[in-house]
Amino acid sequence: MSAFLSSHTRTHSSGALRASDTGKHVVLTGWVQSYRDHGGCVFIDLRDREGVTQLVFDPEFDKAAHEIAGSLRNEWCVGVTGEVRARGSKVNEKMSTGDVEVWVKGIEVFSKAETPPFAIADDVDTNDTLRLKYRYLDLRRPKLQKNLIMRSKIAMTTRDYLSSNGFLEIETPFMVKYTPGGARNFLVPSRLNPGSFYALAESPQIFKQLLMVAGYERYFQIVRCFRDEDLRNERQPEFTQIDIEMSFVNEAILQSMMEGLISTLWRDVLGIELTLPLRRMTYAEAMDKYGVDKPDLRCDLTLCDVTAPSGKSGFKIFEGVVASGGIVKCLRVPGPAEKLSRSMLDGLTDFAKSFGVKGVAFARVQEGGVWQAPFAKSFSDEARNEVNRIAGAVPGDTLIFVAEKYKVANTAMGGIRLHIGEKLGLIRKNEWQFMWLVDPPLFEVDEATKDIAAAHHPFTSPRTEDEHLLETEPEKVLARAYDLVLNGVEVGGGSIRIHKSELQARAFKALRISEEDQRAKFGFLLDAFKYGPPPHGGIAFGLDRLSMLMTGAEFMRDVIAFPKTQKGSDLMTECPTPVSKKQLEELFIQVRPDLPVK
RNA sequence: GGAGCGGUAGUUAAGUUGGUUAUAACGCCGGCCUGUCACGCCGGAGGCCGCGGGUUCAAGUCCCGUCCGCUCCGCCA
């Protein structure tokens, strides 16, 4: 037990002291941020999670403390007692505690520190490997501490809001039945059931619906989900959802309740008032104008579809694509044309190729609507004028074209739109652009295999007015689903569920899932739905993504205390690892290193 | 599954057409310094150039392979 702590309790955090505290005797604890030894006087910046305070060690004020101060080094953990004094003319404007300093009378070194592998400061640029290996040091950095403090506040505010609106926080299992389809599951072997496995839940979807059947009416959970898919900046193998389900609601009621949550978060955590209701946009409009189902509305550039005129333009490449069922999308970049340099356009072609397009075409619009482009001569005047009209092109503009299959063209052009927006500074970084994306398709059809799959999940309700198309043209059926999009990021998504077994049977049939498969995969859910299920719907928000956006973090790793790398490993604990033969035998598992890695 | 970028003192980087002893800044160690706050001044130590092959009289540099990290496409109902 520390002698210091047996007689002292911390009185203030290091970020708390102000001029009004002058004269107080205080006890502070924290870490040495920096030391400045002047031979006589020694200055120490003491850091804790709330901030930094300057400590003064003057040999004439306290000789013993001054002697210890001379030996202090960065990241030593110490406790001090002392007197708050105003700094007078020596105020440090850069520090929130810069009006005062603490003249130290007593100090205890709780623990010394080796020189850390990187400096504990926000502005230090260090590679990710090192940061992750010494995560506990990285987490000492003020920026990460601020992020995690805000994340905690987001979670608490969410609990408060939902709880005060009648939602119950109910836990659901992580170890669940494996169901094929959808995201790949992590598997957990069952020692008590040789050869059988649990799956780690990719979401609590089915359980929250069962809670509705069970009459709990309003459920939420801040819950970990697990998906064994390839990772990205915004994708961790385990991530956290704010999972919500409500009975007796339609889209309007649910979305309004969620807008309440979002606006409460923005008000209580960020101090920003949002204007409600949030904007709605249909999936069709989003794909048409932005090429994606999560448009970033901070950028005003929009796409347009010029398939019709391109198909009879005389330009062989476009005509060929249109004839084989593809589309031609165009992005109009307002002039003057010089903003888009030749090298920028060339770079764009490489960028676009990463989306699988074969090429990108550019045309500079000149007086009279004439194009300056390599293919200008092969493009008929009539078609060109029509393209100009659709795009709203005026002299000085640059038109960018991609001709591809529907999905590739849209994905690539959606990417190009933001790429150009970024390069030209056309994305308004200080805005919060929310929108509900509504009326998405219920099913997705694989272009190559013609396989049909649920776009969301198989329990999503079709729009009532589209139900009659389930058997005849399922690809045209739109869903009672919605995504909440913020600044081009999908932060949440959900749907009104099917609660009538006849409709569910038709949906399964459209998905070509046999009754046998239905029983095997979802039998318990179908059984449950025989016993008076209420109409219900829900949504799930990505807490990691919300935290990222609200803190302004560039990387998801910066809002997660102990994140994993792109290969799913934890560099600090060095996991995953092989396990002993004995452990494997206990689980009746054999490892096959002879099989090829796919 | 695919594309791109990166790996050189503790850290961040530089390293020319392959050519003497691999630089710099910060940090670290020692000394000096009573008002600094990215303190300052003087001195010093510190290298498996990710790893393994190859080419060459000679490789941090060129070639092949491999590992790790990052970004993106596919994938993520």
Side-chain angles (χ1 to χ4, degrees), chain A residues 33-46 52-61 66 70 73-75 85 87-95 97-98 101 103 114-134 137 179-185 202-203 205-206 225-237 239 350-357 407-408 411-412 415 419 442-444 446 448 451-460 479 481 490 493 495 511 513 521 542 554-555 557 564-567 569 571 574 597-598:
Chain A
Q33 175 74 46
S34 76
Y35 58 95
R36 296 177 291 279
D37 185 347
H38 286 256
C41 230
V42 175
F43 298 95
I44 301 280
D45 288 342
L46 185 72
V52 173
T53 298
Q54 173 163 287
L55 308 179
V56 181
F57 296 81
D58 187 318
E60 289 168 21
F61 186 73
H66 175 264
R73 291 294 180 270
N74 286 342
E75 299 309 320
R85 291 193 181 178
R87 289 217 210 169
S89 62
K90 302 293 181 188
V91 163
N92 185 341
E93 307 277 357
K94 286 182 265 181
M95 298 169 72
T97 59
E101 58 196 10
W103 285 60
E114 289 184 13
T115 303
F118 49 85
I120 311 302
D122 283 343
D123 52 2
V124 174
D125 194 17
T126 303
N127 79 60
D128 295 291
T129 310
L130 211 59
R131 287 181 57 189
L132 290 170
K133 181 172 178 189
Y134 297 94
L137 294 181
T179 52
R184 202 175 283 114
N185 291 101
E202 30 183 279
S203 82
Q205 182 61 40
I206 288 175
C225 302
F226 307 87
R227 294 182 190 175
D228 187 10
E229 293 293 342
D230 287 1
L231 307 173
R232 288 280 196 290
N233 177 11
E234 293 189 13
R235 230 188 281 161
Q236 285 274 318
F239 60 98
D350 288 336
F351 175 76
K353 279 180 179 165
S354 71
F355 292 91
V357 311
K407 195 165 178 226
V408 177
T411 307
H419 187 77
L442 184 62
F443 303 117
E444 274 172 358
D446 187 299
D451 279 348
I452 191 163
H456 191 53
H457 60 64
F459 316 112
T460 301
E490 182 200 321
S495 65
L511 285 166
I513 299 176
K521 292 176 188 172
E554 196 179 341
F555 302 97
R557 294 184 290 282
K564 292 189 169 54
T565 70
Q566 202 161 45
K567 284 191 73 183
S569 55
L571 299 179
E574 296 181 316
V597 175
K598 278 190 181 172

Between B:G18 and B:C63 - C1' atom distance, rounded Å: 13 Å

Which heavy atom of A:Thr129 sits nearest to which heavy atom of A:Asn127, and what is that distance? N-OD1, 2.9 Å

So, do A:Phe61 and A:Phe57 have ring centers that fall under 6.0 Å from each other? no

Quick check: closest heavy atoms across A:Pro458 and A:Leu511, and the distance to 0.1 Å? CB-CD1, 3.8 Å

Taking B:U34 as the reference, what is the distance to B:U20 when you measure between their P atoms (whole Å, please)? 47 Å

Do the side chains of A:Val408 and A:Val357 get nearer than 4.5 Å, heavy atoms only? yes

Using the P atom as the reference point in each nucleotide, state the distance between B:G2 and B:A9 in Å, no decimals. 31 Å

Distance, nearest 0.5 Å, that separates CG of A:Asp230 from NZ of A:Lys567: 11.0 Å

Rounded to the nearest 0.5 Å, how far does CD of A:Glu75 lie from CD of A:Gln33? 6.5 Å

Evaluate the side-chain proximity of A:Glu202 to A:Arg184: yes if any heavy-atom separation is below 4.5 Å, no if none is. no

Which residues share a side-chain contact (heavy atoms from CB on, under 4.5 Å) with A:His457, sequence neighbours left out: A:Gln205, A:Gln209, A:Phe459, A:Thr460, A:Ser495, A:Arg497

Whole-Å P distance, B:U16 and B:C62: 9 Å

Counting only Watson-Crick pairs (N1-N3 plus N6-O4 or O6-N4) and G-U wobbles (N1-O2, O6-N3), all under 3.5 Å, who is the partner of B:C62? B:G54

Could you tell me whether A:Phe118 contacts a base, only the sugar-phosphate backbone, or nothing, with contacts defined as non-hydrogen atoms closer than 4.0 Å? nothing

For B:A3, which nucleotide in any strand shown is its Watson-Crick or wobble partner with both distances under 3.5 Å? B:U71

First of A:Leu130 and A:Gly40 reached from the 5' end of RNA chain B, by closest nucleotide: A:Leu130

If the P atom of B:C37 is compared with that of B:G10, how far apart are they to the nearest Å? 29 Å

Pairwise P distance for B:G4 and B:G43, with rounding to whole Å: 48 Å

How would you summarise protein contacts on nucleotides 67-77 of chain B per nucleotide, using B for base, S for sugar-phosphate only and - for none, with heavy-atom distances below 4.0 Å? -SSBBSBBBBB

Under 3.5 Å between N/O atoms: give me all the protein pairs with nucleotides 39-46 of chain B, atom names plus distance.
| residue | atom | partner | partner atom | Å |
| --- | --- | --- | --- | --- |
| B:C39 | OP2 | A:Arg36 | NH1 | 3.3 |
| B:C39 | N4 | A:Asp37 | O | 2.7 |

